[in-house]
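A quick write-up on the structure given underneath.
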Protein chains: 2
Amino acid sequence: MPRPSVQSARLNEIVEAAAKCVAQYGLEGVTLERIADETGLKRPLIRHHAGNREEIINAVVTHVLSGFGELTTMFANALPAKRGSYTAVDHLFDDHGRSDPAEMMVFQSIVAAADRFPAEAEALLKWVGDFTAVVVEAIKRDFPEVESEAAEAVAHGIVALYFNVDSLAPLKPPLAWRRYAKNAALLLLRFLEDNAGTQRAP
Amino acid sequence: MPRPSVQSARLNEIVEAAAKCVAQYGLEGVTLERIADETGLKRPLIRHHAGNREEIINAVVTHVLSGFGELTTMFANALPAKRGSYTAVDHLFDDHGRSDPAEMMVFQSIVAAADRFPAEAEALLKWVGDFTAVVVEAIKRDFPEVESEAAEAVAHGIVALYFNVDSLAPLKPPLAWRRYAKNAALLLLRFLEDNAGTQRAP
DNA sequence: TAATTAACTGTCAAGAGTGACAGTTAATTA
DNA sequence: TAATTAACTGTCACTCTTGACAGTTAATTA
């Protein structure tokens, strides 16, 4: 008999809006007023649904972190058993399956505030490791003879190129830069192609 | 006969302190109080020497940007005529000649705020292009026969790896990651070594 | 040593943001 | 249609930050 609750839906709206604020202004730039403007809701309502400023910031951070977690599993599942490393590169550097640009900026904000958010920073580091590990696994499936060190180097290179493209996106870099990044990633795989089983120290 | 002025020295201190604040808290997190704490000066003195909040933020941004400019020329000058590309990788991935970690965080803050600082964002983009161009030139000197597209891809890859290592530094990643990054950079150069003059499309 | 001028301090008013709460509106069901 | 409960609004007090300015201290030279 009560009025139906929209709490969870509103909470989601609010967290998404707060994420946009974090992306633009950083963690310190999150104000209830900005969230209110972004959502079209009145400021006191923001607090009613999502708690105080600190709770909202925590919610954004955990939301983004869990989003990253999902991204990793989706990414891992999208890789076929053979030539998975090439599929990975396609996924990462074609618009297909890109991450939300705002999320990447939240990522950077947490990194910058690592001192004040040690637990979150650690989770983020773990995520980067897990994400890279997915690429490493794909590489090892495709190139079973490759040395672990080389597989790690290539995987880290691919992930670094991906992060870089995404994190520079707000600067609106020339389109060619994305192509260069993808080509560089492919060059790293080419090395494995040409040297699998016959590595020397790099 | 007046008391000697320390204006310029103080201004420098203040801008450096403000840069630290930007690194930790983002552009929105810069407060005169934090700068005062960082420098040990009283808040009103901050304003006396460096102007109001907005002017200080602008000063930080231009200071960091010009620092990047210097970094580029120093970097370019440090590269010998032959095997300059390898020297570049050594410089970028060994502690030698690293950039101030705070500056990298300011970089990220400006990127995030690109909408509100279009001119600064453009300058930053130009800087990234210039910095990459230095690597491209070194590559072309070392591998004169290489296709331009491949040289760009390798240079972008090396720079991306460098940016990535620096921007993740606050997370205190495992030491191995830096080695992986350097190895990936070297693998990119290896590709040029093995394929100079006999390139096919990647 | 006295004049001069810059460095520095204390303090207050104005503005922005947060937190809290009373009160109003609206949707559902008995 | 009346009761119930959640969504929503208006507003006030408190805190934090900025901007401003009067006043004090200190170093240099005439």
Side-chain angles (χ1 to χ4, degrees), chain A residues 1-63 106 109 112-113 115-117, chain B residues 1-63 106 109 112-113 115-117:
Chain A
M1 62 274 285
R3 180 174 176 171
S5 177
V6 295
Q7 186 97 337
S8 62
R10 283 277 182 271
L11 185 61
N12 243 315
E13 281 179 52
I14 291 170
V15 171
E16 304 262 323
K20 279 189 192 171
C21 293
V22 175
Q24 268 193 54
Y25 301 100
L27 290 172
E28 301 288 314
V30 176
T31 70
L32 300 190
E33 203 62 53
R34 281 182 179 145
I35 297 173
D37 285 351
E38 190 73 41
T39 56
L41 301 171
K42 296 287 177 179
R43 181 175 68 76
L45 196 52
I46 304 295
R47 182 180 162 69
H48 173 69
H49 283 302
N52 66 16
R53 191 184 110 102
E54 196 181 336
E55 291 171 310
I56 292 174
I57 290 178
N58 286 336
V60 170
V61 170
T62 61
H63 177 258
V106 178
S109 295
D115 284 345
R116 279 168 298 141
F117 293 83
Chain B
M1 60 262 277
R3 181 174 175 172
S5 177
V6 294
Q7 186 98 335
S8 61
R10 282 280 181 267
L11 185 61
N12 243 315
E13 281 179 52
I14 291 170
V15 170
E16 304 261 323
K20 280 188 191 172
C21 292
V22 175
Q24 268 192 56
Y25 301 100
L27 290 173
E28 302 288 314
V30 176
T31 70
L32 299 189
E33 203 63 52
R34 282 182 179 146
I35 298 174
D37 285 351
E38 189 74 42
T39 56
L41 301 171
K42 297 286 178 181
R43 183 176 67 76
L45 197 51
I46 305 294
R47 183 181 161 68
H48 173 69
H49 283 302
N52 66 17
R53 193 184 108 103
E54 195 181 337
E55 290 171 311
I56 293 175
I57 290 180
N58 286 335
V60 170
V61 170
T62 60
H63 177 257
V106 178
S109 296
D115 284 345
R116 278 168 299 142
F117 294 82

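Every chain is numbered from 1 and lettered A, B, ... according to where its sequence line falls, protein lines coming before strand lines.
Counting heavy atoms from C-beta outward, A:I56 and A:V15 have side chains that stay 4.5 Å or more apart. Inter-residue side-chain proximity for B:E55 and B:N52 is flagged as met; some heavy-atom pair is nearer than 4.5 Å. Taking 4.5 Å as the limit, some side-chain heavy atom of A:E28 sits within range of a side-chain heavy atom of A:R116. Side chains of A:T31 and A:Y25 form no contact here, defined as non-hydrogen atoms less than 4.5 Å apart. You'll find the side chain of B:E16 reaches within 4.5 Å of the side chain of B:H63, heavy atoms only.
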task: Starting at the 5' end of DNA chain D, write a dot or bracket for each base, bracketing those in Watson-Crick or G-U wobble pairs whose two distances are under 3.5 Å and using | for partners on another strand.
output: ||||||||||||||||||||||||||||||
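The two residues A:A23 and A:V106 have their closest heavy-atom pair at N-CG2, 4.5 Å. Nearest heavy atoms, A:I35 versus A:A18: CD1-CB, 3.8 Å. Pairing each heavy atom of B:A17 with each of B:E38, the nearest pair is CB-CG, 3.4 Å.
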Any protein N or O atoms within reach of nucleotides 6-9 of chain D? Criterion: under 3.5 Å, listing atom names and distances.
residue	atom	partner	partner atom	Å
D:dA7	OP1	A:S5	OG	2.9
D:dA7	OP1	A:V6	N	3.2
D:dA7	OP1	A:Q7	N	3.2
D:dA7	OP2	A:Q7	OE1	3.4
D:dA7	OP2	A:H48	NE2	3.4
D:dC8	OP1	A:R10	NH2	2.9
D:dC8	OP2	A:R10	NE	2.9
D:dC8	OP2	A:H49	NE2	3.3

Which atoms of nucleotides 15-19 of chain D (N or O only) lie under 3.5 Å from a protein N or O atom, and what are those distances?
residue	atom	partner	partner atom	Å
D:dT18	OP1	B:L32	N	2.9
D:dT18	OP2	B:L32	N	3.2
D:dG19	OP2	B:R53	N	3.3
D:dG19	N7	B:R43	NH1	3.2
D:dG19	O6	B:R43	NH2	2.7

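Protein atom CD1 of A:I35 is 12 Å distant from nucleotide atom P of C:dG17, rounded to whole Å.
For the pair B:R53 (side chain) and B:L32 (backbone), a donor-acceptor distance under 3.5 Å is absent. Remark: side-chain polar atoms of B:R10 are not paired, donor with acceptor, to backbone N or O of B:I46 under 3.5 angstrom.
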